[in-house]
Each structure stands twice: as C-alpha cells, then as structure tokens.
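A short write-up of the structure that comes next.
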Protein chains: 2
Amino acid sequence: MEKQWRIVDVLRHSRHDWLNKIQLIKGNLALNKIERVYEIIDEIIRDMQQETKLTNLKAVQFAEWMMTYNWKTRLISLEYEVLGDECDLSSYDADLTAWSSKFLTLMENQADAHDENHMSISIEVLKEEVKLFFDYSGTIKDKNNIVQWLREHQQQAAIHLESFHIHNHELTVLIKILF
Amino acid sequence: MEKQWRIVDVLRHSRHDWLNKIQLIKGNLALNKIERVYEIIDEIIRDMQQETKLTNLKAVQFAEWMMTYNWKTRLISLEYEVLGDECDLSSYDADLTAWSSKFLTLMENQADAHDENHMSISIEVLKEEVKLFFDYSGTIKDKNNIVQWLREHQQQAAIHLESFHIHNHELTVLIKILF
C-alpha cells in the first residue's frame, strides 16, 4: 500500500479543493450569474452524496484510495460514481483495493504527461453482485502490456474480470464481485 | 493520546461541516440575501486561512487535535485563531498537545451539558516566544480543582503558565513557550 496520510495533510488537501469551489461560487456571484451559482452548489451536493454512498459501502481502504487519489501527483485524474443500493463490501475491501490500485498503477505507466488522461469508475451495486466499470480515456503507450496484465489478473480472489475493450485512446474494463 | 482518526472518518466529518456551510449559502441565496452570502463566504475563507496558519506552525499533533476537537462528543465547543508570523513549533508539538489536551479534559469535567460551554484559544507568535491564551466561558463546577491543576502544571517542559483568572462562569489562562 501507499504511504498513510497524516490527518493534517488530508485536511490541507480537502481545504484546497474547497477553497477552489468557494472561489468559483464567489466569482460567479460577483458576475451576478446566480443560475451558475445554483448549478455549482448542486454539483457540490451531488459530489458529497457520492462520497457518502462510497463511504457507506464500508470498503474503507478502497474509499480512502479513491477519495485521495487526485491529491497525489498523477497523470490520470480519477472520478467515480456509485449506483444502486447500499451494501457491505468490507470483506472485499482488500481485494478490491489491491486490484484497482494495481490496475491504476499500470495505467499511470501508460499515460503521457502531455495528454489529458482520465479514469472514471462506476460502481453498481446489484442484488447478487457488484459491477465496477473502469472507463479510461488518454494515452495508451502499449496495448499488449495492458492485455497481458488483464489476462494475468482475470481472477484474483473475489474479483472476476468480465470483459474489456481496448482502442487507441480508450479502454473500458468491467470487473465483478460475486457475493 | 486519543484514538487515531481513520481518513474516511476525517473526510466524513469535514464533509458534514461543509454541507452545513453550503446549505447556509444556498438558503440565503434562495432568500436573495446576497450580502449575507458574501459574509458567509468571507467567514469561510477566513476560517480556512486560520487553518492554514495553524498547519504552518508545524505542530502537527497540536493542529490535528484542534482541527478535529469538535468532531467528538464534547461539552465544550472549541475555536482558535493564530496571530502573528509563521514559526516552526515542531519541537514543542508534543508538550503543547499534552498540556492543552489535559487542560481541555479538565475543563470538560467542569462543564455542564445543560450549559453552553465555549473555549477560544488564541495563539500569538512573537519574536522570542509564543503566547497561548485560553478563554473559557461556561460552567465551572469546582474552582479549587482548576486552581490546583494549574498550580501543578505551572511548568511542564517547554510550557510556562504565565497567569490565570477565574470567575464564576469564566476562566482565562495564559501560557507561554519560550524559544
């Protein structure tokens, strides 16, 4: 695992993110763009609800990894959404974190600093399984390397690789956790 | 020391505080109280600057203790301000945290749940010393107990008790760190 965050650093990063949001509200207010201010506020509330949904999945390591991902120097910007009901993923936490962080490390090595690289993770909680859909757009330096890695990591403890599609500048990967 | 916070819990508490602020902005916006929105935003920015100044003192434990104080179930609400220039208090961190957290534990035992109890800590950085001014208002169940504790903790490593004043519902304590 990566180094543990200190509380003061977590609060510093969080403060920095919030300062940007508050400045955005203040700026639009000064321009009398009230509708835009409402939009920004609604986006903020939606993001917070996503964080709450993520935290409620009780995969503590995985949630921490995602919520702090963009605070380190990265080539890929990560965002996520949580769809469906609540469920307790605590017993899959370690496997999920290991698979996802290794996969993102692989993709960071694929990404180019001169490009905009983006990863979106959709977590969908269904009755008898959880689907994780990774949607990457950005540089792909070596397709074969990715294909090889995915084949080697088709089945890792609770994680099952369902499918993947790879293009020049885009990669989608679907994994599942079966209860 | 008290139990270590998990990152997800820090983010949950922080998110909760922020949700309140955002709702306050949204509410005043809906009432078209634009001036009030500006005031709230300015207060938020001022609080953030205080957090930054506190963090910059490099007393990591002490900063963490203060910034997370109100997230636990407490009888006293704590606020702080940092005055003066920056300085490196890292070598006084442990002493400062020990003295202050013991003092606040003492005062939590003095406070009454039916009362509003408040502690304001002003940290003033001067050239050759740092002053910490604790200003408490709230229940004081047993003055003698406080006086005795303060006399026993007049000098603890780098911490020097300068003066204190105790009244029925108010207590002020000035401590210093001499470089």
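In what follows, chains are A, B, ... by sequence order, proteins preceding strands, each numbered from 1. The structure displayed is predicted, hence computed values, not measured ones.
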Query raised in the report: Under 3.5 Å, side chain of B/Gln50 to main-chain N/O of B/Val82, donor-acceptor pair present?
Result: yes
Query - Top contributor to chain A interface from B/Arg12, B/Met48, B/Glu51, B/Arg15 [non-hydrogen pairs under 4.5 Å] - result: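 It is B/Arg15.
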Report summary line: Comparing B/Thr52, B/Thr55, B/Ile44, B/Leu54 against chain A, the one with the most heavy-atom pairs below 4.5 Å turns out to be B/Thr52
Query raised in the report: So which of A/Asp42, A/Val8, A/Ile7 has the biggest tally of heavy-atom pairs under 4.5 Å with chain B?
Result: A/Ile7
Query raised in the report: For A/Ile34 and A/Leu29, what are the C-alpha separation, side-chain angles and deciding distance, and is it a side-chain contact (heavy atoms from CB on, under 4.5 Å)?
Result: CA-CA 6 Å; A/Ile34 305 297; A/Leu29 207 57; 3.8 Å; yes
**Report entry** Part of A/Met67 within contact of chain B (heavy atom distance under 4.5 Å)
**Finding:**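 Contact with chain B: side chain only.
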Query - Contacting moiety of A/Thr68, where chain B heavy atoms sit under 4.5 Å - result: side chain
Requested in this report: Answer whether the closest heavy-atom distance between the side chains of A/Ile177 and A/Ile159 falls below 4.5 Å.
Outcome: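 Touching, per the 4.5 Å side-chain cut-off.
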Query raised in the report: Could you go step by step and tell me if A/Trp99 and A/Asp95 meet the side-chain contact (heavy atoms from CB on, under 4.5 Å) rule?
Result: CA-CA 6 Å; A/Trp99 199 96; A/Asp95 294 338; over 6 Å; no
Report task. Mind checking the CD-NZ spacing from B/Glu39 to B/Lys33? Nearest 0.5 Å is all I need. Result ->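 With rounding to 0.5 Å, CD (B/Glu39) is 10.5 Å from NZ (B/Lys33).
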